[in-house]
Every structure is written in structure tokens, then in C-alpha cells.
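Written out below as C-alpha cells is the structure these notes cover.
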Number of protein chains: 2
Amino acid sequence: MSARPTVAHAPLELEHFLPYRLSILSNTVSQAIAADYQQRYELSMTEWRVMAVLGRFEGLSAREVAERTAMDKVAVSRALARLVDAGRVDRATHDGDKRRSVLQLSAAGWAIHDEVAPLAREHERELLEKLNDEEKAWLARILDKLMAP
Amino acid sequence: MSARPTVAHAPLELEHFLPYRLSILSNTVSQAIAADYQQRYELSMTEWRVMAVLGRFEGLSAREVAERTAMDKVAVSRALARLVDAGRVDRATHDGDKRRSVLQLSAAGWAIHDEVAPLAREHERELLEKLNDEEKAWLARILDKLMAP
DNA sequence: AACTTATAGTTTCAGTTGAAACCATTTGCA
DNA sequence: TGCAAATGGTTTCAACTGAAACTATAAGTT
């Protein structure tokens with residue numbers, strides 16, 4: 001009889017476990033970017049994400065922002081409250097539906113957007129620099145497939 | 001004169017922005033797995049991560065667990081408190097260094113581990129099912145490069 | 001040995017989070 | 001029309017989070 005357990009456990013090898021690796025990579029990258037604007041602009045990651053979609057699509061409602069950012073509506077509601085309060089986002093009410101808001105970046109919001117966006121792009125560039133063209137192409141294709149419904 | 005702004009903004013196209021896509025994918029996957037054990041075993045994601053590394057490496061200290069999980073030491077300390085309290089992890093004190101703990105899964109901890117691990121693996125399998133062998137190989141290689149120091 | 005510095009781990013505090021409850025408005029339908 | 005169900009958005013509450021302060025032990029220095 002051995003002192004080791006009779007039952008063979010099969011522990012996860014986290015270093016090869018895809019969900020785990022994705023999580024580490026994603027957190028590392030997101031936090032590196034966030035660290036760059038967090039204090040500089042007094043801007044949280046959720047706020048920046050909201051600003052980014054509003055930079056791309058004007059006049060969205062809060063729910064649409066939530067959809068596009070894949071954040072939950074409470075988080076969006078709070079981020080918007082802070083952004084509107086800080087004068088970075090203008091909020092109006094939808095003409096035909098008084099429940100819906102109509103959102104867009106203010107001039108101040110655009111100013112910040114136009115500083116943070118290149119900064120984010122630069123981080124992406126640095127990350128992709130580690131790959132050659134062939135790898136970049138595969139990555140894009142693979143992510144498409146993994147994220148497909 | 002046009003009604004559109006004179007300044008050309010360059011909004012991020014989030015749907016093609018790598019850090020954003022990674023974040024969405026990672027959250028989707030992690031939450032799908034977590035949803036599977038969260039209520040069933042009264043186990044948070046941080047607790048499961050701690051259990052997973054202890055399943056793989058017996059006798060680690062709390063700090064070593066933090067290193068391996070890429071979680072911060074406060075989170076690990078709290079997860080361990082709950083796990084020890086629930087009788088899922090046994091905590092002893094290191095022989096030569098009374099500051100360090102020596103951690104391992106208890107029998108009850110192993111029992112849970114051995115149910116959750118296959119479940120996590122199954123999720124990974126479902127995810128990878130979307131890729132063919134060539135794509136899987138590229139993905140592994142690409143992640144290695146992206147995560148290299 | 002006495003003293004400073006470093007390390008392991010926990011606690012505190014203030015801020016953030018998500019689920020559920022909530023309010024207001026709109027839509028569907030008898 | 002009137003009423004139930006659905007929808008957009010906010011608030012509440014309890015849990016969770018990380019930074020900084022803290023305790024205890026160990027290691028290095030004189």
C-alpha cells in the first residue's frame with residue numbers, strides 16, 4: 001500500500017488552460033491601458049468604455065451603450081451619471097419615448113476622447129508588435145470564430 | 001461650411017480593438033464556467049482558482065498561491081479564510097518559518113475539486129471545438145508570444 | 001545582542017459591484 | 001378606453017474589491 005492517495009486526481013494545468021490564460025492576458029492588457037488614463041484623466045475603465053462607444057456611435061441610449069460595451073445596465077447607468085456630472089457627456093431625452101436617453105460626447109468629452117484613443121491604440125500596437133503578419137491574421141480569424149454566437 | 005465638426009475624430013472601432021475583444025471573450029468564458037459551480041458548490045471564482053492551484057501544487061504558501069493565480073494577496077487571504085472555514089483547505093504553519101502557511105486541499109476539498117475540474121475542462125473543450133487543429137495550434141503559439149514577458 | 005529592514009499574512013476603510021426592487025413610460029390587448 | 005405586461009433607467013442593499021495600515025516573524029547589519 002502506498003502513502004499516496006489511491007484515487008488519481010486530475011488537477012487542471014492552469015498554465016495550459018485556455019480560459020485561465022485568456023483571463024490573465026486580458027487583465028494584464030486592460031490594466032496596462034487603464035493605468036495610463038486612470039489618474040491622468042480621472043476616468044475609470046467603465047467610463048472610458050462608455051466614452052469610446054459614444055465616440056463611435058452618437059445618440060445611443062443607455063441600453064444600447066450597455067449592449068455595445070457588454071457591460072450591465074447598472075454599471076452603465078453609474079458611469080453615465082459620473083460622465084454627465086463631469087460635463088463629458090450630454091444627455092437628452094428621446095423625442096418619441098421619454099424613457100430613453102439620447103447620449104453624445106460633449107466638447108470636453110471629445111477632447112478627452114481624442115487624447116485617450118491614440119493612447120489605447122498605441123498599447124494595442126505594442127501588443128501586436130509581438131506577432132508577425134501571419135500570426136496577426138490567424139489571431140483575428142480565431143477570435144472571430146471563438147466569439148461567434 | 002459643413003454642419004459636421006471640422007476636426008476629424010478617430011474613434012476606436014471597438015469591434016476590432018484587440019484588448020476589448022480579449023476582454024469580452026475572457027469574461028464570457030469565465031462567467032460561463034463560474035455560473036456552473038457558483039451556486040452548486042457555494043464557491044466563488046477566486047476560491048475555485050485557489051483550489052485549482054492547490055490541486056496542482058500541494059503545500060504552497062498563500063503568497064505562492066497569489067503568484068500562481070495572478071491574484072493579489074488580499075484576495076487570496078480572504079478566499080483562503082473562507083475555504084479553511086468551510087473545511088475545504090487545511091492550513092498548517094511552515095516548520096522553519098512561522099509566518100508562512102502550508103496549504104493543501106482537505107478530503108472535502110479534493111471531492112469538490114474532482115467534480116469542478118472536469119466541468120471546467122468540458123467548457124474549454126466546447127470552446128476549442130469551434131477551431132480546427134491548425135487554428136488550435138496557432139492559438140497556442142500566439143498566446144505564448146503575447147504573454148511572453 | 002540590539003536594531004533596522006524585509007516578508008507573510010490579516011484587517012480596515014472607502015469605493016465598486018451586481019442582483020433585485022423600484023419608478024416612469026410605453027406597448028399590447030381585451 | 002383601461003389594464004396588464006414590457007421596457008428604460010435609477011436606487012438600494014449586501015457582497016466584494018484593492019490600497020494602505022497593521023501584526024508577527026525572520027533576516028541582515030553593526
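Per chain, numbering begins at 1; letters A, B, ... match sequence-line order.
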**Study point:** Among dT25(C), dT17(C), dG9(C), the nucleotide that comes nearest once only the side chain of Lys98(A) is considered
**Key:** dT25(C)

List the atom of [X], the atom of [Y], and the distance in Å for their closest heavy-atom pair.
X         : Y         : value
Ile24(A)  : Ala70(B)  : CD1-CB, 3.3 Å
Leu80(B)  : Ala62(B)  : CD1-CB, 3.8 Å
Arg88(A)  : Glu42(A)  : NH1-O, 3.3 Å
Ala52(B)  : Leu14(A)  : CB-CD1, 4.2 Å
Trp138(A) : Glu135(B) : CZ3-CG, 3.5 Å
Lys136(A) : Leu128(A) : CE-O, 3.3 Å

Point to revise | Residue pair Glu64(A), Arg68(A): steps toward the salt bridge (charged side-chain N to carboxylate O under 4.0 Å, His left out) verdict | key: CA-CA 6 Å; Glu64(A) 289 167 325; Arg68(A) 297 234 171 232; over 6 Å; no

Practice item. Quick one: list whatever passes side chain to side chain donor-acceptor pair (under 3.5 Å) with Asp72(B), sequence neighbours left out. Key: none

Side chains of [X] and [Y] only: does a donor on one sit below 3.5 Å from an acceptor on the other?
X         : Y         : result
Arg21(A)  : Ser26(B)  : no
Glu126(B) : His123(B) : no
Ser44(B)  : Arg78(B)  : no
Glu15(A)  : Tyr20(A)  : no
Glu115(A) : Tyr37(A)  : no

Study note, to complete from the structure: Whichever of Ser61(B) and Asp95(A) has the more 5' nearest nucleotide on DNA chain C, that residue is Ser61(B)

**Study point:** First encountered from the 5' end of DNA chain C, between Ser44(A) and Asp97(A)
**Key:** Ser44(A)

Check your understanding: Around Asn132(A), counting heavy atoms of other residues, nucleotides and ligands shown, do more than 12 lie under 6.0 Å from its CG?
Key -> yes

Check your understanding: Which residues in residues 19-31 of chain B have at least one heavy atom lying under 4.0 Å from any atom of DNA chain D?
Key -> none

Check your understanding: So what is the end-to-end bend of the helix from dA1(C)-dT30(D) to dA30(C)-dT1(D), with 5 pairs used at each end and the value given to 10 degrees?
Key -> 10°

Review point. Which is true for Ser101(A) with a 4.0 Å heavy-atom rule: it touches a base, it touches only sugar-phosphate, or it touches nothing?
Key: sugar-phosphate

Taking N or O atoms only and anything under 3.5 Å, show me the protein contacts with nucleotides 2-7 of chain C, one pair per line.
| unit_1 | atom_1 | unit_2 | atom_2 | d |
| --- | --- | --- | --- | --- |
| dT7(C) | O2 | Arg99(B) | NH1 | 2.5 |

**Study point:** Side-chain heavy-atom pair Leu103(A), Leu83(A) within 4.5 angstrom cut-off
**Key:** no

Exercise for review: Please work out which residues in residues 69-82 of chain B have a non-hydrogen atom less than 4.0 Å from an atom of DNA chain C and list them by number.
Suggested key: Lys73(B), Val74(B), Ser77(B), Arg78(B)

Review point. What are the bounds, 5' to 3', of the part of DNA chain D that sits under 4.0 Å from heavy atoms of chain A?
Key: dA6(D) to dT12(D)

